[in-house]
2 protein chains.
Amino acid sequence: MQIERMIRRFREAGLKITPQRVAIFEYLYTTSSHPTVDDIYAYIAGRFPSVSLTTVYNTLQTMVGLGEIEEIAISHERRNFDPDTRPHAHIMCVRCKRIEDIYTDDLSENCLPESVRKRYRILGQRIYFYGLCSRCTTEK
Amino acid sequence: MQIERMIRRFREAGLKITPQRVAIFEYLYTTSSHPTVDDIYAYIAGRFPSVSLTTVYNTLQTMVGLGEIEEIAISHERRNFDPDTRPHAHIMCVRCKRIEDIYTDDLSENCLPESVRKRYRILGQRIYFYGLCSRCTTEK
DNA sequence: TTTTTATATTAAAATGATTACAAATTAAAA
DNA sequence: TTTTAATTTGTAATCATTTTAATATAAAAA
Ligand SMILES: [Mn+2]
Ligand SMILES: [Mn+2]
Ligand SMILES: [Zn+2]
Ligand SMILES: [Zn+2]
């Protein structure tokens with residue numbers, strides 16, 4: 001399971017397994033959405049009232065460093081994290097800010113001209129769509 | 001010219017033409033890069049030493065509202081603005097943070113499954129690539 | 001199991017970016 | 001030129017994130 005995997009990855013990296021960290025793993029891998037730091041903090045604080053925001057920031061940063069989660073830059077207002085590291089695009093409703101996954105093909109092949117590709121070592125790509133979801137279109 | 005166009009757009013919107021605003025237009029349309037608020041502020045402050053950061057923020061926000069510039073969310077560290085509103089993708093070097101334009105085809109057609117498209121009114125799209133530029137690959 | 005130690009957590013303060021506000025200034029209409 | 005509403009400025013407030021140092025603890029060693 002995903003959580004076991006993260007525990008193993010942390011162990012392998014010589015990092016300690018703490019209840020706070022495990023709770024963060026659990027939250028990330030049992031919610032399908034794209035939580036913000038505050039979403040995660042709110043959940044962890046429910047189980048560990050004394051948890052610090054710093055711990056959440058640190059753990060997320062460590063996970064990004066391990067390549068186990070990704071940061072979504074779809075909006076400057078909020079920073080979202082994605083435990084699904086398979087390449088996929090996202091669409092965000094500009095009103096309710098909900099983010100949905102869209103699985104598409106890799107673009108670096110057919111989108112990047114040779115002239116660009118030969119000057120960069122490509123490390124990643126992000127595709128974001130913006131729109132109004134049906135719920136927000138109908139609402140007053 | 002672009003600057004005249006912005007002046008006209010502001011006039012049409014019932015907004016006043018101030019020297020600070022014109023200087024911002026000039027900076028945006030004579031630099032090909034993707035400046036940050038601070039880049040713009042630094043330039044304007046060179047010509048109007050008493051200019052306020054607030055003015056820069058306000059003017060940029062107004063221009064975004066008019067659809068004349070776009071905000072690039074390629075990085076959470078910095079907020080970049082793009083006076084080129086034609087659809088195009090970007091590639092950023094993760095080390096030196098330089099951003100380059102890439103002109104590609106519209107993706108909303110072939111990337112968005114029908115199942116998604118029928119639930120959203122699509123308003124925009126952003127495509128970002130991340131990599132190491134040749135300069136940064138060779139440097140120690 | 002107990003001890004040890006390096007790492008992690010916490011709380012608080014510092015930093016940095018952005019926004020809010022109110023007073024002073026000014027573009028542009030009359 | 002006068003008037004007025006919009007804009008600019010300077011300052012303070014807010015919010016997200018990072019830094020720091022003291023305390024607590026996971027996990028290795030004894
Ligand atoms: Mn996703
Ligand atoms: Mn561009
Ligand atoms: Zn919505
Ligand atoms: Zn570079």
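The separation between Leu53(B) atom CG and dC21(C) atom P is 18 Å, rounded to whole Å. Residue Arg11(B) contributes atom CZ, which lies 20 Å from atom P of dA5(D) at whole-angstrom precision. Counting to the nearest Å, the C1' atom of dA5(D) and the CZ atom of Phe10(B) are 17 Å from each other. Between Tyr41(A) atom OH and dT17(D) atom P there is a gap of 14 Å when expressed in whole angstrom units. Atom CD1 in Ile44(B) sits about 11 Å away from atom P in dT8(D), given to the nearest Å. Atom CZ of Phe48(B) and atom P of dT7(D) are 16 Å apart (whole Å). Distance Gln61(A) CD to dT18(D) P: 6 Å, rounded to the nearest Å. Gln20(A) has its CD atom 11 Å from the P atom of dA11(C), to the nearest Å.
Each end of the helix from dT1(C)-dA30(D) to dA30(C)-dT1(D) gets its own axis, taken as the rotation carrying the C1' atoms of four end pairs onto the next four within a five-pair window, and the two axes meet at 30° to the nearest 10 degrees.
In this structure, of dA17(C), dT9(C), dT11(D), it is dA17(C) that holds the atom nearest to the side chain of Asp38(B). Distances from the side chain of Arg21(B) to the nucleotides dT9(D), dT7(D), dT9(C) place dT7(D) closest. In this structure, the nucleotide among dT18(C), dT7(D), dT10(C) sitting nearest to the side chain of Thr54(A) is dT10(C). When distances are taken from the side chain of Lys16(A) to each of dA8(C), dT10(C), dT7(D), the shortest belongs to dA8(C). Side chain of Tyr57(A), nearest nucleotide from dT10(C), dA16(D), dT9(D): dA16(D).
Sequence order on DNA chain C of the closest nucleotides to Thr59(A) and Ile17(B) puts Thr59(A) first from the 5' end.
Residue Thr55(B) is in base contact, counting any heavy-atom pair closer than 4.0 Å across all strands shown. Using a 4.0 Å heavy-atom cutoff across all strands shown, Pro49(A) reaches no nucleic acid atom at all.
Counting only residues at least two apart or in different chains, ring-ring contact (aromatic ring centres under 6.0 Å, His included) contacts with residues 39-86 of chain A comprise Tyr27(A)-Tyr43(A).
Between Cys133(A) and Cys93(A), the closest heavy-atom pair is N-SG, 3.4 Å. What you find for Tyr130(A) and Arg126(B) is that their closest heavy atoms are CE1-CG, 3.5 Å.
Under the 4.5 Å side-chain heavy-atom criterion for ILVMFWY residues, no single connected hydrophobic cluster contains both Leu28(B) and Ile72(B).
Here Arg79(A) does not reach the OP1 or OP2 of dA16(D): none of its side-chain N or O atoms lies under 4.0 Å away. OP1 and OP2 of dA27(C) both lie 4.0 Å or more from every side-chain N or O belonging to Thr18(B). Dashed line: the shortest gap from a side-chain N or O of Ser52(B) to OP1 or OP2 of dG10(D) is not under 4.0 Å.
Between His34(A) and His90(A), the two ring planes are perpendicular [angle over 60°; tilted spans 30° to 60°].
Electrostatic pairing of Arg9(B) and Glu4(B) does not count as a salt bridge here, judged by no charged N lying under 4.0 Å from a carboxylate O.
Within a 6.0 Å radius of CZ in Arg121(A), other residues, nucleotides and ligands contribute 12 heavy atoms or fewer.
Checked against the 6.0 Å centroid criterion, the rings of Phe25(B) and Phe10(B) qualify as a close aromatic pair.
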